[in-house]
Structures are given as C-alpha cells and as structure tokens.
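Everything on this sheet refers to the single structure shown next.
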Amino acid sequence: MTPAELADAILLAVRDAVAANELPAEVVAAPLDIKVERPRQKEHGDYATSIALVISKTAGKPPRDVAVALQARLSTVAGIESVEIAGPGFLNIRLEAAAQGQLAKAIVTTGATYGTVDTLKGRVINLEFISANPTGPLHLGHARWAAVGDALGRVLSAAGAEVTREFYVNDVGVQMDRFGASMMAIARGEAVPEDGYHGAYIPELSAQIVAENPAIMELSGVDQLQAFRDAGYTLQLKQQQDVLSQFGTHFDVWFSETTLHNSGAVDAAIEKLREQGHVDDKDGAVWLRTTDFGDDKDRVMIKADGEKTYFAADAAYYLDKRERGFQQCIYMLGADHHGYVQRLRAIAACAGDDPDQSIDVLIGQLVKIVEDGKEMRLSKRAGNIITLEDLVEWVGVDAARYSLARSSADTPLTLDTKILTSRTTTNPVFTVQYAHARISSVLRNAVELKILGSGDIAAALEQAGEFDPSLLTHEREGDLLGALAEFPRVVASAAELSEPHRVARYLEELAGTYHRFYDACRVLPHGDEDVTDLVRARLHLCAATRVVVANGLALLGVSAPERM
RNA sequence: GCGCUCGUAGCUCAGCCGGAUAGAGCAACUGCCUUCUAAGCAGUAGGCCGCAGGUUCGAGUCCUGCCGAGCGCACCA
C-alpha cells in the first residue's frame with residue numbers, strides 16, 4: 001500500500017462517515033486534500049494524517065470525535081494493521097508488513113519509470129536558463145543554472161510535463177561590440193579598451209580568429225570590428241555549447257536575440273502591445289505601461305534615437321514563446337536580475353495573460369567560492385573568473401552537478417575548493433553513489449552464488465523463486481520500504497515547486513536508510529547456508545532500492561556507478 | 001530612500017507550500033571490519049530557528065515592524 005493509496009482510503013473513510021451521518025456533508029463539499037505524512041517518531045506509526053484536525057472546524061466537532069469516526073472505518077481496510085488516535089487528533093496508521101513489502105517487487109518490475117508521475121501531465125512548459133552573453137566562458141553562476149535547470153527539466157518531464165529547454169543567446173548590443181573590439185585590439189597589438197573584455201580567453205580567441213582567417217587583418221574600421229565580433233561570437237557560442245554538452249546539460253532550442261530583430265518580431269510585438277492598449281508615446285520614445293501591472297516604472301521599448309531596447313526584445317521573446325504554444329514560461333535568473341521579475345510579469349499581463357499562470361521566475365542566489373578563507377568574486381568582465389570548466393576540472397561532472405543541485409537555488413551557496421578538491425567522503429554525492437555501488441556489489445555476489453541469473457535483474461529475481469513480501473518485517477526493512485514509497489511524491493513536489501534539490505535531499509536520506517538496513521540485515525547467505533525466502537525477499541528490496549537510487553540520480557544528471 | 005532575496009548546530013545546508021520532542025552531512029570525541037564495498041554503522045556533544053509583536057487548537061513555516069547580509073532601482077546590455 002502506497003501513501004497515495006492510503007490517502008484514497010482515508011478519503012473513502014471520510015465520505016463513508018458523511019454517508020452514515022457521523023459527519024456533516026459540508027466536510028466533503030469542497031475537494032479534500034488528504035495529507036499523509038511519515039512521522040519522525042516511530043511510535044507514531046508508519047503514516048500519520050492530521051485530517052481530523054483539518055476538518056474539525058467544518059465538521060463542527062472536536063478533532064478527536066472526528067478521528068474516532070475515521071478510525072473505526074480505516075481499521076477495517078485491507079493492508080492496514082492498526083489505527084491509533086494520538087495527541088489533539090492525529091491518526092497514526094500502521095501497515096501490515098505484506099502490504100508494505102509488496103512495493104519492493106512492484107518497483108523492480110516498474111524499473112526506470114518508477115517515480116514518474118502525471119501531476120503535470122499535459123502542461124506545456126518553456127524552461128529558459130543560463131541565457132548568457134556569448135562574449136566569454138560560462139562562470140560559476142551559470143554552472144548553478146546548468147545543474148539546477150537541467151535537473152528541473154528532467155523533474156518536470158518526469159512529472160508528465162512537456163518541456164522545452166531553451167537558451168536565449170544575448171547576441172545583440174554594445175556588449176557584443178565591446179567583445180569584438182577587445183579581440184580586434186589584441187590582434188592589432190593595441191591595448192584592450194577600458195570597457196572591453198580582459199579575460200585570458202580574449203587573446204586566445206583573437207589568435208584563433210586570425211589563424212583561421214588571416215585576411216581579417218586586411219579589413220579596416222567597422223568591417224574589421226564586425227568580422228571579429230561575428231567570428232568571436234561563433235567560436236564562443238560553440239565553446240559554451242561544448243562545455244554544456246560535456247556537463248550533460250542539453251538544450252532543445254538555442255534562441256538568438258538577433259533573429260527577433262531581423263524577423264521584425266520586435267516591431268510586431270510593439271504593435272501587438274499597442275493594440276492591447278498598454279503602449280504610450282512620450283518624450284520621443286515608445287513606452288510600455290508596465291506600471292499598470294505592478295512594475296514601479298514604465299519601460300522604454302524604443303528609445304528617442306530609434307534604437308530598440310533589450311526590454312523590447314524581451315517582450316517580443318515572450319510573445320514568441322506564447323505563439324509557440326507554451327502555457328508556462330519558467331525563467332531562471334541570477335539574483336542581480338531580480339529587478340526583472342515585475343517587468344516580465346508585466347509583459348505577460350500587457351499581452352493579456354495571467355502572470356501567475358504563465359510566468360514563473362526562479363532567482364538564483366550567488367554562488368561563492370572560498371579558497372583559503374578568501375572569497376573570490378565573480379565578475380564576467382574581470383579576468384579572474386572561475387568558469388564552469390574550472391569547476392568540472394577540479395571535481396568532475398558528478399560532484400559539480402550534485403553539489404550545485406542539492407541546494408535550493410534561492411539560498412546563497414558557498415562552495416569550498418578544499419572540500420571539492422579533496423574528493424573524499426565530505427561530498428554527499430559519494431554517499432549516494434556509494435549506496436548504488438554497494439547494492440550493485442550485493443547483486444553481483446548473488447549472481448556469483450547462483451542465487452540470481454545474470455542479465456535483467458527483474459527477470460533474474462522472477463526466476464529465483466517466490467517473493468514473500470510478508471517476510472520483510474525488520475524495522476530497518478520497514479524504514480527502507482517506507483522511504484522507497486516516498487519517491488513518487490518527492491518527484492511530484494519537486495516538479496510542482498520547481499525545486500529539484502528535493503530529489504537530492506531525498507536520495508541522501510534514502511542512501512542513509514539503505515546503509516542502516518545493510519548494517520542490520522544480512523542479505524546473502526553465509527558459507528553453505530540455504531537460500532531462504534528471506535534472502536530472496538531482501539534481494540528484491542536491494543534491487544528496488546537500486547532502481548530508486550539510479551532513477552533519482554538520473555533526474556539530477558548524475559551517474560550511478562556499479563563499482564567505486 | 002524604495003524594492004527583491006536571504007538570516008536554522010562551529011561550517012555547508014535541509015525542513016515535504018501551519019502539525020507531535022527542529023534534522024542531515026562535515027568538523028570533534030567514543031566504539032564496531034576472519035562474513036554481502038568500513039566511501040559504512042552505532043553512540044556522545046553541539047540550537048533563544050536574527051530580534052520583537054500578531055494570527056490559532058498549534059508558527060522555523062503565515063502577517064507586521066525592526067536588525068543584519070547580498071543584490072537591484074537607466075531612453076545600459
């Protein structure tokens with residue numbers, strides 16, 4: 001019996017009590033959200049619900065009276081061993097071992113799709129993240145989004161959503177010109193302009209451009225600048241794509257801002273918004289009246305000099321996403337861009353959408369990196385940035401992705417290079433991966449002992465003999481089964497709240513629960529002992545745990561090693 | 001000055017959109033390897049959940065104010 005099934009049973013009990021006039025009809029007038037929790041305290045049972053407390057007001061009865069009515073009905077449900085009333089009116093529920101143990105086999109059979117849910121089924125989502133300027137390497141802040149955004153994409157998909165991952169390439173504007181001018185200056189042996197880019201990658205790009213196209217030095221003035229800018233853009237974008245690919249972060253769409261301008265989409269967007277009645281002409285400029293929708297000032301779309309602003313492109317970009325059929329647009333922005341939130345919402349509102357439905361902005365707080373107690377600031381224009389590549393080089397893809405994705409994006413995160421470079425137990429990813437490797441080892445040994453056949457684990461277990469779920473009665477086995485049952489709920493809440501770090505935290509807990517089980521419950525027979533039903537039951541439990549650990553790590557884009 | 005985000009163990013962070021005695025990892029200390037991976041397990045210690053009010057059966061969680069940290073407040077990109 002899973003938590004979801006238990007919640008259904010509780011709902012039935014409530015309805016039944018209403019039908020028997022023990023509770024008033026108002027209780028079920030509105031849809032009831034039955035919360036089933038796993039209590040911290042063992043004495044509080046396998047599961048607990050506070051439903052009696054929640055509905056006592058509408059029921060017009062003290063919580064404990066409500067609880068009594070539900071207790072009597074739940075006690076008779078198949079698979080439920082006991083129901084106790086505790087405290088102010090909690091219902092503490094204990095399941096029969098077999099009802100819980102059955103899950104082990106179900107998970108093994110389900111395999112890679114265990115943990116997928118349909119809570120977001122049919123929702124069409126655009127997930128935009130990183131969206132860096134193609135004027136330099138990706139830095140630590142981008143790395144956070146690469147890890148978190150990619151994990152979120154996987155989690156949303158697992159929840160049934162139709163997700164398009166998108167990278168908005170900011171390839172318009174003076175930053176691009178400064179980028180080009182910087183490379184050009186190097187090539188000509190001149191000093192890089194004050195407002196240019198001073199990173200070590202600039203001379204490298206410059207040299208590569210000249211090597212591939214020596215004729216570029218024959219150009220002059222604006223032509224040369226444009227040639228450097230365009231060539232550098234191509235190389236740098238490619239570099240970002242390669243790095244992200246190596247990082248395991250995949251994008252469905254690389255959307256160039258330039259295309260918005262060239263296709264006339266920006267002009268069309270301004271006209272469209274004008275039709276909606278939110279555009280003003282003032283002081284020779286064209287404004288979007290975002291203050292109609294909570295922004296603190298109106299925003300310029302076309303400057304008095306005729307130039308279109310970045311904001312105008314943003315508006316066009318949103319309208320483009322909308323036309324492509326996305327119901328929800330998720331933006332992941334750095335903390336230094338949080339001022340955009342109201343603006344983005346105002347664009348949606350001006351276009352006639354409900355921002356609460358169509359816009360979801362996630363703010364990523366700063367990633368700091370500490371080295372010898374000294375904080376290193378990240379600045380894109382300064383030369384001493386820490387890049388995504390640096391991070392990967394130090395700790396590897398798995399540790400980098402995991403340590404960035406295991407924390408909520410909206411809390412500032414400090415990574416310690418000492419810890420990250422030590423490659424020891426201090427990194428939680430090892431605990432989780434170790435659990436996977438450990439289980440794999442047990443299953444390998446089972447194959448060697450001829451308890452299991454080689455090949456597909458589900459088939460091997462099937463052939464090994466009967467599975468008796470009622471044998472998994474040890475406290476640690478119950479803990480493990482309970483943890484395994486949580487996985488779909490974790491995925492659902494991670495997707496709903498756009499918080500993939502929940503998956504990581506869950507995995508750490510699951511790994512700990514497995515290690516405790518492993519310590520207390522010997523799986524394989526010693527020496528020439530018989531292969532008992534208990535051995536088979538525990539092998540199911542091990543295999544099920546491995547499935548969940550592997551599925552969870554996959555959601556984070558982290559590998560699940562068979563050996564460590 | 002206005003706004004956004006954040007303040008939880010020595011450190012890094014969780015806390016399941018109001019539930020029971022606030023958790024994990026690391027660091028410290030004590031035990032456990034002739035048996036499935038000791039990258040593990042068991043235990044000890046560590047807390048005014050920034051401060052003060054409010055809302056209610058019940059607050060780390062919601063509201064208000066204050067303090068502190070970070071970041072924003074362009075006809076920049």
Side-chain angles (χ1 to χ4, degrees), chain A residues 35 37-41 43-44 48-50 53-54 56-57 62-63 86-90 92 133 135 170 172-178 257 282-287 296-297 299-307 309-311 313 334-342 363-366 368 370 403 406-408 410-416 419 423-428 430-431 433-435 437-446 448-449 486 489-490 492-494 496-497 499 501-502 504-506 508-509 511-512 514-516 518-527 538 542 563-564:
Chain A
K35 265 175 80 176
E37 296 187 320
R38 285 185 64 72
R40 282 208 186 82
Q41 275 74 37
E43 317 84 70
H44 295 155
T49 180
S50 60
L53 293 159
V54 173
S56 80
K57 194 169 276 181
F90 293 103
N92 293 337
N133 292 340
T135 54
N170 293 145
V172 174
V174 301
Q175 293 301 333
M176 290 303 296
D177 290 335
R178 287 174 183 166
E257 184 186 351
K282 193 173 59 186
D283 304 330
V286 178
W287 303 68
D296 54 352
K297 57 187 72 170
R299 305 292 166 181
V300 170
M301 292 194 293
I302 304 177
K303 298 193 276 180
D305 64 7
E307 191 95 357
T309 62
Y310 185 87
F311 176 72
D336 56 340
H337 284 65
H338 70 253
Y340 288 17
V341 177
Q342 280 306 322
I363 297 296
Q365 293 294 324
L366 206 65
K368 287 183 206 158
V370 197
S403 53
R406 76 184 284 267
S407 290
S408 169
D410 62 9
T411 58
L413 181 62
T414 302
L415 299 178
D416 191 324
I419 292 175
R423 288 171 76 73
T424 60
T425 71
T426 53
N427 195 326
F430 291 121
T431 309
Q433 290 183 317
Y434 179 63
R438 206 178 208 189
I439 298 167
S440 297
S441 173
V442 172
L443 296 176
R444 264 197 310 274
N445 292 340
E448 267 177 36
L449 292 170
E486 288 301 297
R489 299 208 294 180
V490 171
S493 72
E496 192 195 332
L497 302 172
E499 294 184 349
H501 75 274
R502 289 172 187 276
R505 297 300 172 152
Y506 164 78
E508 288 167 34
E509 218 175 288
Y514 179 80
H515 290 313
R516 285 186 284 279
Y518 177 93
D519 193 61
C521 302
R522 171 82 197 187
V523 177
L524 298 174
H526 288 110
R538 285 180 171 167
C542 287
R563 286 188 169 84
M564 288 178 78

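A, B, ... follow the sequence lines: proteins, then strands. Residue 1 opens every chain. Reckoned from all heavy atoms, side chains included, excluding hydrogens, waters and symmetry mates.
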Interatomic distance at C1', B:rU64 relative to B:rG43, whole Å: 45 Å
Syn/anti label of B:rC33 as read from its glycosidic torsion, with the cut at 90° from 0: syn
Sugar-phosphate, base or nothing in reach of A:S407, heavy atoms under 4.0 Å: sugar-phosphate
Touch class at under 4.0 angstrom, heavy-atom based, for A:A335 against every strand present: sugar-phosphate
Sugar-phosphate, base or nothing in reach of A:D283, heavy atoms under 4.0 Å: base
Inter-nucleotide P distance (B:rA20, B:rG15), Å rounded: 15 Å
Under the side-chain hydrogen bond (donor to acceptor under 3.5 Å, both in side chains) test, residues paired with A:D410 that sit two or more places apart: A:S408
Cation-pi check, A:R438 onto A:Y514 ring (under 6.0 Å, within 45° of axis): no
Donor-acceptor pair under 3.5 Å, A:H515 side chain vs B:rC41 base: no
P spacing across the pair B:rA9 / B:rU55, given as an integer number of angstrom: 28 Å
Earlier contact from the 5' end, RNA chain B, for A:Y434 and A:S408: A:S408
Minimal non-hydrogen separation, A:L413 against A:S407, with atom names: CD1-OG, 3.7 Å
Salt bridge A:D296-A:R299, side-chain N to carboxylate O under 4.0 Å: yes
Atom pair CD/NZ of A:Q342 and A:K297 - distance to nearest 0.5 Å: 13.5 Å
Watson-Crick/G-U partner (both atom distances under 3.5 Å) of B:rU55: none
Pair partner, B:rC16 [Watson-Crick or wobble, under 3.5 Å]: none
Per A:L413 side chain, nearest of listed nucleotides B:rU12, B:rU21, B:rA38: B:rU12
Per A:V54 side chain, nearest of listed nucleotides B:rA74, B:rG19, B:rC16: B:rG19
Complement of B:rC48, any strand, by Watson-Crick or G-U distances under 3.5 angstrom: none
B:rC57 versus B:rC41 - spacing of their P atoms, nearest Å: 43 Å
Under 5.5 Å and under 30°: A:H44 stacked on B:rA20: yes
Closest nucleotide among B:rC73, B:rG15, B:rC17 to the A:K35 side chain: B:rC17
Pairwise side-chain contact, A:L497 with A:R502, heavy-atom cut-off 4.5 Å (strictly under): yes
Sugar-phosphate only, base, or nothing, as touched by A:L53 at under 4.0 Å among non-hydrogen atoms: base
A:L366 side chain reached by A:P412 side chain, heavy atoms, under 4.5 Å: no
Any-strand Watson-Crick or G-U partner of B:rG10, both distances under 3.5 Å: B:rC26
Sub-4.5 Å side-chain heavy-atom contact between A:E508 and A:R406: yes
Heavy-atom donor-acceptor pair, A:H515 side chain to A:G512 backbone, under 3.5 Å: no
Minimum-distance nucleotide to A:T411 side chain [options: B:rC75, B:rC6, B:rG40]: B:rC6
Complement of B:rU37, any strand, by Watson-Crick or G-U distances under 3.5 angstrom: none
A:R516, nearest nucleotide to its side chain (from B:rC36, B:rC75, B:rA42): B:rA42
5' precedence on RNA chain B between A:V341 and A:N92 (nearest-nucleotide basis): A:V341
Ring centroids of A:Y518 and B:rC36 base under 5.5 Å with planes under 30°: yes
Would you tabulate the pairs of protein nitrogen or oxygen atoms and nucleotide nitrogen or oxygen atoms of nucleotides 32-34 of chain B closer than 3.5 angstrom?
none

Rounded distance in Å between the C1' positions of B:rA52 and B:rU12: 29 Å
Inter-nucleotide C1' distance (B:rG68, B:rA27), Å rounded: 26 Å
Near-parallel close stack of A:F90 and B:rG19 base (under 5.5 Å, under 30°): no
B:rG60 pairs with, by Watson-Crick or G-U criteria that keep both distances under 3.5 Å: none
Counterpart base for B:rG72, defined by Watson-Crick or G-U wobble contacts under 3.5 Å: B:rC2
Selection from B:rC4, B:rA20, B:rU37 that lies nearest to any side-chain heavy atom of A:V442: B:rU37
Proximity to the side chain of A:H338 - top-ranked nucleotide from B:rG3, B:rU21, B:rU37: B:rG3
From B:rC75, B:rU37, B:rG40, nucleotide with atom closest to A:T431 side chain: B:rG40
Sugar-phosphate, base or nothing in reach of A:E43, heavy atoms under 4.0 Å: base
Base-pairing mate for B:rU21 - Watson-Crick or G-U, with both contacts under 3.5 Å: none
Span that lies between the C1' atom of B:rC36 and that of B:rC29, in whole angstrom: 30 Å
Nearest to side-chain heavy atoms of A:R444, which nucleotide of B:rU37, B:rC41, B:rG19: B:rU37
Rounded interatomic separation in angstrom, taking CZ from A:R563 and C1' from B:rC36: 14 Å
A:R522, nearest nucleotide to its side chain (from B:rG72, B:rG15, B:rC36): B:rC36
Smallest separation among heavy atoms of A:V442 and A:L524, with atom names: O-CD1, 3.7 Å
Short side-chain to backbone donor-acceptor contact, A:D305 and A:E307, under 3.5 Å: yes
Base of B:rG72 paired with side chain of A:H337 (donor-acceptor, under 3.5 Å): no
Pairwise P distance, B:rA74 and B:rA22 [rounded to whole Å]: 47 Å
